[in-house]
Amino acid sequence: MRVLVIEDSQKLLRSLGYGLKKSGFVVDLVADGKEGLDYASVNDYDAIVLDLMLPSMDGLTVLRELRGMGKQTHILILSARDQVEDRVLGLDLGADDYMIKPFSFDELRARLNTLMRRKCGVKNPVLEVGPLTLNTATREVRREGHSINLTAGEYAILERLILNRGTTLSKGRLLDTVHDSDSFAGENVVEVMICTLRRKIGHTGEEPIIKTSRGYGYFIE
Amino acid sequence: MDTSSNRGLPSISIKNSLTRHLLVSLSAILVCSGLILGAVVRSRMISEFDRTLLTKANAIAALTAREGNLIEFDITGTSVPGFDIHRTPDFFQILIEKGPTITRSDSMKGRDLPVFPSSPGVPLFRNIVLPDESHGRLLQLLVPLRTESEEVDHRPVTDEKTLYIPIPASLDYDSIMLSITAAQTMDSLDAVLLSVYGTIAVLDMLIIFCIIYTVRISTTRGLKPLKDLNDQIRQIGPDGLETRIKIEAIPEELIPVQQTTNALLDRLQEAFSRERGFSSDVAHELRTPVAELRSLCEVGARWPTDAETMEQFFEDAGDIAARMERIVNALLMLTRCDSGRLMVDPSPNRLIDLVSACWERMTSSSEGIAERIEFEIDPNATVTTDASLLDIVLQNLIQNALTYSSPGSPIRCFTESSVAGIGLVFENQVAMLDGKDISHLFDRFWRKESSRTGGDHVGLGMSIVQALVDCLDIEIHVALTPAGVFRACLSFVVPKTCP
């Protein structure tokens, strides 16, 4: 899952960025409202964590601009403002969720996962594809009851493919799932990861679970 | 609008009160006018009636004369309208004063009209009941008997034309006074007056109905601006403080109300805005470090294996703790100042010593600031104050100047003397403040940068300065010149000594 965090507190940015990356998210970190708006308009994120009191452009303006552009990215507001009118305003302007500081990191992670499932129209945190089950809450992958050990990048790609089941995802799109904006990795990274994944998760009958759309990308039926 | 102060008290409607007062006043004026008019009409009509009676009495007197020892009365002169018994009955009688009756009208039917004491030549009018039982008016006139001749030159015979009455021998022929009494019924006059009164009453009632209608229309129209004002004020609630009173064609009397109410709403809206801003600022300053600490702890505890990252996390935690300590200390200081529990120990000190001590401590703990401030302090300036508390004030003012002055611009600290006392002034060029900010400078947690990003300041420095100078009986004045020079002046008042 690719997440943009817009937060002016460097300390919070550091800890959140570290924790989300360790949790398997691909994270871009920005400390400025205007810069955050630029990142959000150019890149395709699964979710944005947005602080409200930001330098150069406040969070509500960033939110308003994004929605005004037609951006449908899920936005979770993370703010110290706890008054009802602040929460109502944020949600009415188009935010999908609102968390008040101080917050639990685990709760933030869970809410981001919820936004991801909502984006893909999936309510059940446990996803099944043939003999394979993937638990988005615990990040566990099992095949016929046996746990499969995946790297963060492999898990992210598999989760993305299952959540977008039936849709072919390009290599570029899958690359965004595993690397942040500052990375210079090429699409061959995706090819390598798909190859490893196929080996680990196996087949359904004689067919691989992850199928190739030649010249374009990959999909799961 | 039901307020607690009005509960239980009857409400007074200006419109109803005004309408009632106008109606009662105008109706009273109208009724009084009607009564006066009626009285005037009656008086005039009775005067005219009396004049007619007097004319008749004088006519009757002219018909009477002395001829020798006889009184001659010309009967034919009485056959005039008004004295005809068959038409409107009029009554008259003539008698010699304190003597016999000479004659009376047929309408008297042998009865006498009352005789009242009167003066010669002065007509006396009275209302009486006439012999025919009707309501009438009587005129009594005392006139001297006119002498026609001393001798009777013919044989006097009373006939249908002339009446001869012998004068009693005991009377002096030359001073006989005749008492002529004429009376007339007032029935027709009364009928006319009644008609006039009735007309006045009907007119008055019609006018009163018109007044009621006119007054209601006038008060409704006249009080419409007040109603509009009332309606607009009712619309103002806690969520509508941006509303302002605006009345089309506002009357002069309501202009001060509109202006004062709008000014009050401006102040109220600003106060609410400041309060909301304060709540938001406090939330940010207090919650953000806690959120930072919590995130550092949870993430660090979950993934403790990266040593370099953990080192950074602990360093961050230390910074956060230090910042929170500063906030706590500042808030405690403010609480002590607010509650009056701050111990103040004033003593005389040279101002230059106090400023120098503060500045030396600051330069020893911060590099690169020694050359930033130019001091011009009168070495003889002495103030009586608590040195340690003033040191906190000076630290905050100096720190603010160092942090917010435009890069490369000079910061000056100098003394000013006046009759009132000594002033210690800090002056520096600022780029980020404007005139509106000056009124917020001492607000707790106020910072110019709304995002409150970065820096060690939390927006309590100037609040502490204000609270401490209040405790130390020092005045502080801040100002921003159009050229962008910020000036903060601490005024130490010289105590007055008895001559």
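Chain letters run A, B, ... following the sequence lines, proteins first, then strands; residues in each count from 1.
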| task | Kindly check if the number of other-residue, nucleotide or ligand heavy atoms within 6.0 Å of CD (B:E308) is above 12? | result | no
| message | Are there residues of residues 78-106 of chain A whose heavy atoms fall under 4.5 Å of chain B's heavy atoms? If so, which? | response | A:A80, A:R81, A:D82, A:I100, A:K101, A:P102, A:F103, A:S104, A:F105, A:D106
| request: Count the heavy atoms belonging to other residues, nucleotides or ligands that lie under 6.0 Å from NZ of B:K448, then report whether that count exceeds 12. | output: yes
| message | With a 4.5 angstrom heavy-atom cut-off, is it the side chain or the backbone of B:E315 that approaches chain A, or both, or neither? | response | neither
| Between A:R14 and B:D316, is there a salt bridge with N-O shorter than 4.0 Å? | yes
| note | Residues A:N149 and A:K200: closest non-hydrogen pair is O-NZ, 3.2 Å
| Should B:Y404 and B:F486 be marked as a ring-ring contact (aromatic ring centres under 6.0 Å, His included) after you check the CA-CA gap, both sets of side-chain angles, and the distance that decides it? | CA-CA 10 Å; B:Y404 297 115; B:F486 176 76; 9.5 Å; no
| field | Proximity of residues 433-441 of chain B to chain A, residues having a non-hydrogen atom under 4.5 angstrom | value | none
| Interface moiety of B:E298 toward chain A, non-hydrogen atoms closer than 4.5 Å | side chain
| Short side-chain to backbone donor-acceptor contact, B:Q429 and B:A483, under 3.5 Å | yes
| query | Side chain, backbone, both or neither: which part of A:L16 has a heavy atom under 4.5 Å from chain B? | reply | both
| message | If the threshold is 4.0 Å, N to carboxylate O, is there a salt bridge linking A:R199 and A:E154? | response | no
| request: Using the side-chain contact (heavy atoms from CB on, under 4.5 Å) rule, take A:M69 and A:S41 through it: C-alpha gap first, then chi angles, then the decisive distance, then the call. | output: CA-CA 8 Å; A:M69 285 176 203; A:S41 350; 3.7 Å; yes
| Atom group of B:T309 that falls short of 4.5 Å from chain A, counting heavy atoms | side chain
| field | Partner of A:Y45 by side chain to side chain contact (heavy atoms under 4.5 Å, CB included), out of A:T73, A:V3, A:V26 | value | A:T73
| Taking B:V299, B:L293, B:L296 one by one, which has the highest count of heavy-atom pairs under 4.5 Å against chain A? | B:V299
| query | Distance-only, no hydrogens or angles: does the B:T288 side chain make a donor-acceptor pair with backbone N or O of B:E285 under 3.5 Å? | reply | no
| Any B:R244 side-chain heavy atom under 4.5 Å of B:Q269 side chain | yes
| remark: Interatomic distance, CG@B:L268 vs CG@B:N262, rounded to 0.5 Å, equals 12.0 Å
